[in-house]
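Read through the structure below, which is laid out as structure tokens, and then see the notes.
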Amino acid sequence: MERVISVALEGVSKTFHRGGEEVCALDGVTLAVPAGQFCVVMGPSGSGKSTLLHLVAGIDAPTAGRVRVDGRDLATLSDDERTLMRRRRIGLVFQFFNLLPTLSALENASLPLQLDGVRRAEAERRARASLVELGLAERLEHRPHQLSGGQMQRVAIARALVSAPALLLADEPTGNLDSHSGEDVLRLLRETATARGHTVLMVTHDEHAARIGDRIVRLQDGRIVSDLSTARSASA
Ligand code: ADP
Ligand code: MG
């Protein structure tokens with residue numbers, strides 16, 4: 001099993017049925033993200049960004065085409081295999097943090113490991129290391145409501161990284177933050193990716209956030225309309 005993994009969408013379409021209407025969220029998307037790349041998909045609201053991430057996470061299935069993670073077509077995996085892949089190899093970060101309000105930062109960050117059967121003491125030891133790496137050493141016992149938005153997102157990133165995922169998926173991670181904490185979160189996403197070497201697929205509607213990637217793919221009405229490597233990757 002590779003520590004760093006690739007993602008590939010091959011002719012992927014996704015159609016939703018709403019009322020009597022068909023909504024085409026993705027329309028023939030082909031995209032290969034090599035292992036270790038920081039790829040940003042940018043597009044306006046409704047362009048299909050969250051749908052794309054859900055397909056890569058195996059939370060939803062495409063109407064047509066193939067989604068490969070680490071070369072494996074997700075449609076050929078059983079539900080259990082997809083769950084295990086998501087739990088052990090993929091980290092997820094969301095716009096609204098999705099922290100459990102009654103749990104401390106440490107408990108929130110250790111939860112994925114505990115759900116995976118890691119004993120509490122060991123899970124908390126690893127969660128503590130992950131929180132410290134993200135600058136939250138002084139916030140371990142705080143509940144989400146005692147934290148700022150930026151701090152909550154850092155806890156969510158610590159939680160996503162606690163299982164040392166090979167792939168990090170981030171959906172508008174700065175969408176609910178002021179520009180200062182947004183900057184902070186972007187810097188941490190970039191630094192942790194560089195330090196750990198995992199693949200990142202981040203979607204955003206924010207031009208400013210997009211520039212931290214090695215590559216910027218633009219999505220419009222469910223189609224890729226441009227695909228550019230950034231100066232960062234050219235000089236790397
Ligand atoms: P983005 O994340 O770029 O804002 P989404 O992927 O959420 O875009 O949505 C793309 C399109 O698909 C939108 O028109 C949205 O309304 C539609 N859509 C997304 N999820 C569903 C769903 N579960 N049921 C019906 N329509 C959906
Ligand atoms: Mg979205």
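This one's a predicted model, so the numbers in the text were calculated from it and none came from an experiment. Ligands are counted one by one from 1 in listed order, and the atoms in each one are counted from 1 as well. Numbers here are sequence positions counted from 1.
- The existence of a salt bridge linking R125 and E122 is confirmed by a sub-4.0 Å separation between a basic side-chain nitrogen and an acidic carboxylate oxygen.
- Looking at atom 8 (O) of ligand 1, its nearest protein heavy atom turns out to be G48 N, 3.2 Å.
- Note on D171 versus K49: no salt bridge recorded, every NZ/NE/NH1/NH2 to OD/OE distance being 4.0 Å or above.
- Closest protein heavy atom to atom 1 (P) of ligand 1: G46 N, 3.4 Å.
- At a 4.0 Å heavy-atom cut-off, ligand 1 touches V23 through the side chain alone.
- Given atom 15 (C) of ligand 1, the protein heavy atom at minimum distance is R18 NH1, 4.3 Å.
- Looking only at atom types and distance, the side chain of H208 has a donor-acceptor partner in the side chain of E183 under 3.5 Å away.
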Working for side-chain hydrogen bond (donor to acceptor under 3.5 Å, both in side chains), residues D184 and S181:
CA-CA 5 Å; D184 221 38; S181 0; over 6 Å; no
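- Residue P44 places a heavy atom under 4.0 Å from ligand 1.
- Taking CG of L136 as the reference point, atom CG of L131 lies at 5.5 Å (rounded to 0.5 Å).
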Determine, stepwise, if the pair R120 / Q114 fulfils side-chain hydrogen bond (donor to acceptor under 3.5 Å, both in side chains).
CA-CA 6 Å; R120 186 185 176 119; Q114 293 195 55; 4.8 Å; no
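- Atom 19 (C) of ligand 1 has F16 CE1, 3.4 Å as its closest protein atom, hydrogens excluded (heavy atom only).
- At least one heavy atom of S45 sits less than 4.0 Å from an atom of ligand 1.
- At a threshold of 4.0 Å, the pair R190-D214 counts as salt-bridged, since one of the basic side-chain nitrogens sits closer than that to a carboxylate oxygen.
- Proximity of K49 to ligand 1, defined as any heavy-atom pair under 4.0 Å, is shared by backbone and side chain alike.
- The closest protein non-hydrogen atom to atom 6 (O) of ligand 1 is T51 OG1, 2.6 Å.
- Here the rule is side-chain contact (heavy atoms from CB on, under 4.5 Å) with L74, and of E81, R68, R66, M85 only M85 fits it.
- Looking from atom 7 (O) of ligand 1 to the surrounding protein, the closest heavy atom is S50 CB, 3.8 Å.
- The distance from the Mg ion (ligand 2) to the nearest N/O/S atom of S50 is under 2.8 Å.
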